[in-house]
Amino acid sequence: MRLPAARGPLSESLVRDLATRPALSDRTLESAARLADEVTDALTDEDLQLSLAICYELHYRGFDEVDDAWEWDPELLRLRAILEQLHLSALQELVGPVSVTDEPIDVQLTATIAADDGPSLSRFMAREGDLEQWREYLTVRSVYHLKEGDPHTFAIPRLSGRTKAAMVEIQADEYGGGSAARMHSELFGGLMRDLGLDSGYGALWDDAPAVAFSNVNTMSLFGLHRRWRGAALGHLTTVEMTSSEPSRRYSSGLRRLGFDESTTVFYDEHVEADAVHEQIASVDMCGAFVAENPELAADVLFGARCSLAMDGLAAKHLLGAWEAGRSALRREPSLAA
């Protein structure tokens, strides 16, 4: 994967440092400090979200031009911590205070999901989404789905017992149960190719808006910090509890446009798998975790709220752009040869 194009002073300086220097420059550190003072909406700030995504990507597959030694560079980690705090503060402000009750955590998660009033992007795509809107939607989702499973998997070594076993069971399905062709990331890549998009890992980063990165950055933040392992579980559980029916709608929308099961297999897989995962995630995984760590119940619910909020943020961005008659992307998506 190549380094993405910069979107502001910080990402421009950061990209230059990673590709050409042995250490962060004063300019990069000054740009980060300035951004921290001036940013008004961290979750939609293009420069901040891309810079944070670049820092996190060093823990995934890295970049062609960047030495792997950068992954644990102390100065870069300090820079990342500044961006993480801005991102986390914005998340906390967006979702508001979390209240914990005496009910089982699966019941509380169900209530959290039921209270969500965000727009339904899946209903729009099922009934109205045209081919170009589908390409834009897939471009936004590709930032996550081409690494599907990986952000949450970071949490596995931080768990134990029944909680860990349940998460491994869920994640094993994300990775195709041992079959590379059935990995969800591979199935999504096939969907992209069928709609004429470049499915290369990271190929559409330059096209995707900030909301595509803020969603994945939230998962990476939770997965990479033991402190937020409860939030990682709540986030994953909410994904599993809320994706079955929307996936059915997305599959229906593709069929409306003339695509068959060879293209809809990504969503068809989620209709079936996530219906099974729902109970495993909410009862076995989160239930066991909260039983062992009752003080972290609020973190589980915080992660759940963040999952719903990030989906809502992306839906508002996409639907708002289309309603205004403009593209939701930064530029035209890259089509496959």
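Heads up: numbering here begins at 1 and tracks the sequence.
- Aromatic rings of His184 and His145 (six-membered ring for Trp) have centroids beyond the 6.0 Å cut-off, not under it.
- Using a cut-off of 4.0 Å between Lys/Arg side-chain N and Asp/Glu carboxylate O, Glu128 and Arg123 are scored as not salt-bridged.
- When the shell of 6.0 Å around CZ of Arg2 is examined, it contains 12 or fewer heavy atoms from other residues, nucleotides or ligands.
- Within the 4.5 Å cutoff, side-chain heavy atoms of Leu88 are placed close to those of Trp228.
- Summarising the local packing, CG of Asp68 is surrounded by 12 or fewer heavy atoms from other residues, nucleotides or ligands at distances under 6.0 Å.
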When you look at Tyr250 and Glu245, which way does the side-chain hydrogen bond (donor to acceptor under 3.5 Å, both in side chains) test go after all the steps? CA-CA 9 Å; Tyr250 287 127; Glu245 188 54 39; over 6 Å; no

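- Two residues are said to be in side-chain contact when any heavy atoms from C-beta on lie closer than 4.5 Å; Ser282 and Met241 meet this criterion.
- Closest non-hydrogen pair, Leu94 versus Ala309, comes out as CD2-CB, 3.6 Å.
- Put simply, the side chain of Ser25 reaches to within 4.5 Å of the side chain of Arg21, judged on heavy atoms.
- Residues Arg182 and Asp173 are not paired through a salt bridge, judged by the lack of any N-O separation under 4.0 Å between the basic side chain and the carboxylate.
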Begin with the C-alpha distance, continue with both residues' side-chain angles, and end with the deciding distance and a verdict on side-chain hydrogen bond (donor to acceptor under 3.5 Å, both in side chains) for Glu240 and His235. CA-CA 9 Å; Glu240 301 297 339; His235 190 290; over 6 Å; no

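- Figure legend: cation-pi geometry between Arg141 and Phe188 absent, as NZ or CZ is not positioned both under 6.0 Å from the six-membered ring centre and within 45° of its axis.
- For the side-chain contact (heavy atoms from CB on, under 4.5 Å) criterion with Leu236, the lone passing option out of His277, Gln171, Met219 is Gln171.
- Looking only at distances, a side-chain donor or acceptor of Thr153 sits under 3.5 Å from a matching main-chain atom of Gly149.
- Ion pair Glu57/Lys147 flagged as a salt bridge, since at least one NZ, NE, NH1 or NH2 atom sits closer than 4.0 Å to an Asp/Glu carboxylate oxygen.
- The environment of CD in Glu295 is crowded: more than 12 heavy-atom neighbours from other residues, nucleotides or ligands sit within 6.0 Å.
- Residues Leu52 and Leu221 are not in side-chain contact: their nearest non-hydrogen atoms beyond the backbone lie 4.5 Å or more apart.
- Proximity of Arg7 to Arg330: side-chain heavy atoms (C-beta onward) are separated by under 4.5 Å at one or more points.
- Aromatic ring orientation, Tyr267 versus Trp134: perpendicular (interplanar angle above 60°, classes split at 30° and 60°).
- A salt bridge links Arg255 with Asp268: at least one charged nitrogen is closer than 4.0 Å to a carboxylate oxygen.
- Checked against a 6.0 Å centroid threshold, the rings of Phe63 and Trp70 do not count as neighbours.
- In this structure the side chain of Leu18 reaches within 4.5 angstrom of the side chain of Leu76, judged on heavy atoms.
- Taking a cutoff of 4.0 Å between a charged side-chain nitrogen and a carboxylate oxygen, Arg27 and Glu30 do not qualify as a salt bridge.
- Paired with Met192 under the rule side-chain contact (heavy atoms from CB on, under 4.5 Å), one option of Leu146, Thr263, Thr139, Asp198 passes, and it is Leu146.
- Atom CZ of Arg256 is surrounded by more than 12 heavy atoms from other residues, nucleotides or ligands within 6.0 Å.
- Within 6.0 Å of the CD atom in Glu75, the count of heavy atoms belonging to other residues, nucleotides or ligands exceeds 12.
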